[in-house]
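Let me begin by presenting the structure, written as structure tokens, before commenting on it.
Remember, it's a predicted structure, so these values are computed and weren't measured experimentally. Letters A, B, ... mirror the listed sequences (proteins, then strands); counts begin at 1.
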2 protein chains.
Amino acid sequence: MSYVTEQLLEDLREARTSKGFSQRDLSARSGVPQSHISKIESGGVDLRVSSLIALARVLDLELFLAPKKSITAINSIIRSSKGIQDEGEEILPAYRLDDDCDE
Amino acid sequence: MSYVTEQLLEDLREARTSKGFSQRDLSARSGVPQSHISKIESGGVDLRVSSLIALARVLDLELFLAPKKSITAINSIIRSSKGIQDEGEEILPAYRLDDDCDE
DNA sequence: AAAATTGATCTACCAATGCATATCAATATA
DNA sequence: TATATTGATATGCATTGGTAGATCAATTTT
């Protein structure tokens with residue numbers, strides 16, 4: 001029901017929230033208006049590739065075009081890079097820094 | 001100098017030609033006009049994500065959003081899935097089927 | 001309770017995509 | 001040589017993204 005893949009939208013939103021960014025934060029850093037980001041994340045817009053790339057850059061993401069037959073291997077890599085096991089078991093850090101640490 | 005990443009455009013064109021599709025073939029299969037495909041491949045258009053996905057689907061490609069830190073690993077996988085060694089040495093098939101084989 | 005954040009929504013307006021169609025030069029094929 | 005294919009371009013037009021604001025309900029924070 002949306003122009004963009006659900007997965008793509010999920011990834012966008014997850015990357016944003018996991019960085020602790022609000023839509024307004026992302027807006028300030030990417031130049032894309034908050035109202036537009038809201039529409040994008042809700043799948044209500046068939047955004048242009050340049051916009052997607054602009055958002056991705058701020059979120060330390062990269063846009064890829066990969067052969068379908070390699071998607072499982074790639075997803076496995078992505079999951080592990082997020083610190084999540086293939087089984088779906090998340091690896092928790094041994095300790096956690098306080099809220100406001102400098103980077 | 002283009003809205004879309006050079007890499008993305010390269011991948012598109014390479015996938016098309018390696019499938020033996022002309023721009024008109026791709027147009028017929030994807031629904032995207034040939035004139036538009038031409039502009040897209042030359043980087044002269046900031047196309048919408050749905051268009052990119054439509055083209056990708058026909059070319060057996062998938063659009064991805066991956067963490068930057070995993071790009072090397074992913075590129076390695078993609079290269080190998082294309083039958084190319086990490087060193088850049090292409091692996092040739094042991095034999096080659098005739099031009100007009102059924103799939 | 002009061003103030004600040006957050007995401008969703010709305011209104012305009014402008015620029016650009018995307019579509020349909022046709023053409024053209026260059027190359028390949030009959 | 002005549003024909004067909006390929007990629008690049010051109011035009012006109014409708015649609016939609018994108019921007020710049022502002023507002024609002026729901027939470028959070030002070």
Side-chain angles (χ1 to χ4, degrees), chain A residues 1-61 63 65 96-103, chain B residues 1-61 63 65 96-101:
Chain A
M1 206 54 62
S2 66
Y3 309 97
V4 182
T5 310
E6 312 284 342
Q7 185 64 55
L8 236 45
L9 298 182
E10 268 182 43
D11 290 349
L12 269 187
R13 177 165 256 157
E14 196 215 287
R16 176 178 65 80
T17 57
S18 76
K19 275 191 175 311
F21 290 171
S22 68
Q23 290 185 349
R24 281 183 173 81
D25 291 335
L26 183 56
S27 170
R29 292 170 193 256
S30 65
V32 178
Q34 179 268 327
S35 61
H36 199 224
I37 293 179
S38 173
K39 273 188 289 187
I40 290 172
E41 287 189 351
S42 63
V45 169
D46 185 6
L47 79 167
R48 294 175 189 164
V49 175
S50 67
S51 297
L52 182 53
I53 291 179
L55 294 177
R57 172 157 30 226
V58 173
L59 296 172
D60 290 308
L61 296 176
L63 196 59
L65 217 41
R96 199 142 177 38
L97 291 174
D98 264 287
D99 288 354
D100 48 347
C101 63
D102 39 337
E103 173 63 359
Chain B
M1 208 53 63
S2 65
Y3 307 97
V4 183
T5 309
E6 311 285 343
Q7 186 65 54
L8 237 45
L9 300 181
E10 269 182 43
D11 291 347
L12 270 185
R13 176 165 257 156
E14 195 214 287
R16 175 177 65 80
T17 57
S18 77
K19 274 192 173 312
F21 290 171
S22 69
Q23 290 185 348
R24 280 185 174 80
D25 290 335
L26 184 55
S27 169
R29 293 170 192 256
S30 65
V32 178
Q34 179 268 327
S35 61
H36 199 223
I37 293 180
S38 173
K39 275 188 286 186
I40 290 173
E41 287 189 352
S42 64
V45 169
D46 185 6
L47 78 167
R48 292 172 192 169
V49 174
S50 67
S51 297
L52 182 53
I53 291 178
L55 294 177
R57 172 159 32 226
V58 173
L59 297 171
D60 289 310
L61 295 176
L63 195 59
L65 219 40
R96 199 146 178 39
L97 292 173
D98 265 287
D99 288 354
D100 48 346
C101 63

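Atom NZ of residue A/Lys39 and atom CD of residue A/Gln34 lie 10.5 Å apart, to the nearest 0.5 angstrom. Atoms CG and CD, on A/Asp11 and A/Glu6 in that order, are 11.5 Å from each other to the nearest 0.5 Å. Between atom CG of residue B/Leu63 and atom CG of residue A/Leu52 there is a gap of 7.0 Å, rounded to the nearest 0.5 Å. In this structure, B/Glu41 CD and B/Leu9 CG are separated by 8.0 Å, a value rounded to the nearest 0.5 Å.
On the nucleic acid side, DNA chain C contacts chain A at distances under 4.0 Å to non-hydrogen atoms, with the end points of that region at C/dT6 to C/dT17.
The interatomic distance linking B/Arg16 (CZ) with D/dT6 (C1') rounds to 9 Å, in whole Å. The interatomic distance linking A/Leu26 (CG) with D/dT19 (P) rounds to 12 Å, in whole Å.
For the pair B/Ser38 and B/Asp46, both in contact range of DNA chain D, the more 5′-proximal nearest nucleotide belongs to B/Ser38. When each of A/Ile37 and B/His36 is assigned the nucleotide of DNA chain C with its nearest heavy atom, A/Ile37 is the one assigned upstream, toward the 5' end.
Using a 4.0 Å heavy-atom criterion, one finds that B/Ser22 contacts the sugar-phosphate atoms exclusively. Using a 4.0 Å heavy-atom distance criterion, B/Leu47 is classed as a sugar-phosphate-only contact.
Although no hydrogens or angles enter the test, the distance criterion places a donor-acceptor pair under 3.5 Å between the side chain of B/Ser27 and the main chain of B/Val32. No donor-acceptor pair closer than 3.5 Å links the side chain of B/Arg48 to the backbone N or O of A/Asp46.
One can find a donor-acceptor pair under 3.5 Å joining the base of D/dA8 and the side-chain atoms of B/Gln34. With hydrogens and angles left out, the side chain of B/Arg24 and the base of D/dG7 share a donor-acceptor pair within 3.5 Å.
Comparing D/dA20, D/dG18, D/dT6 against the side chain of A/Ser35 picks out D/dA20 as the nearest.
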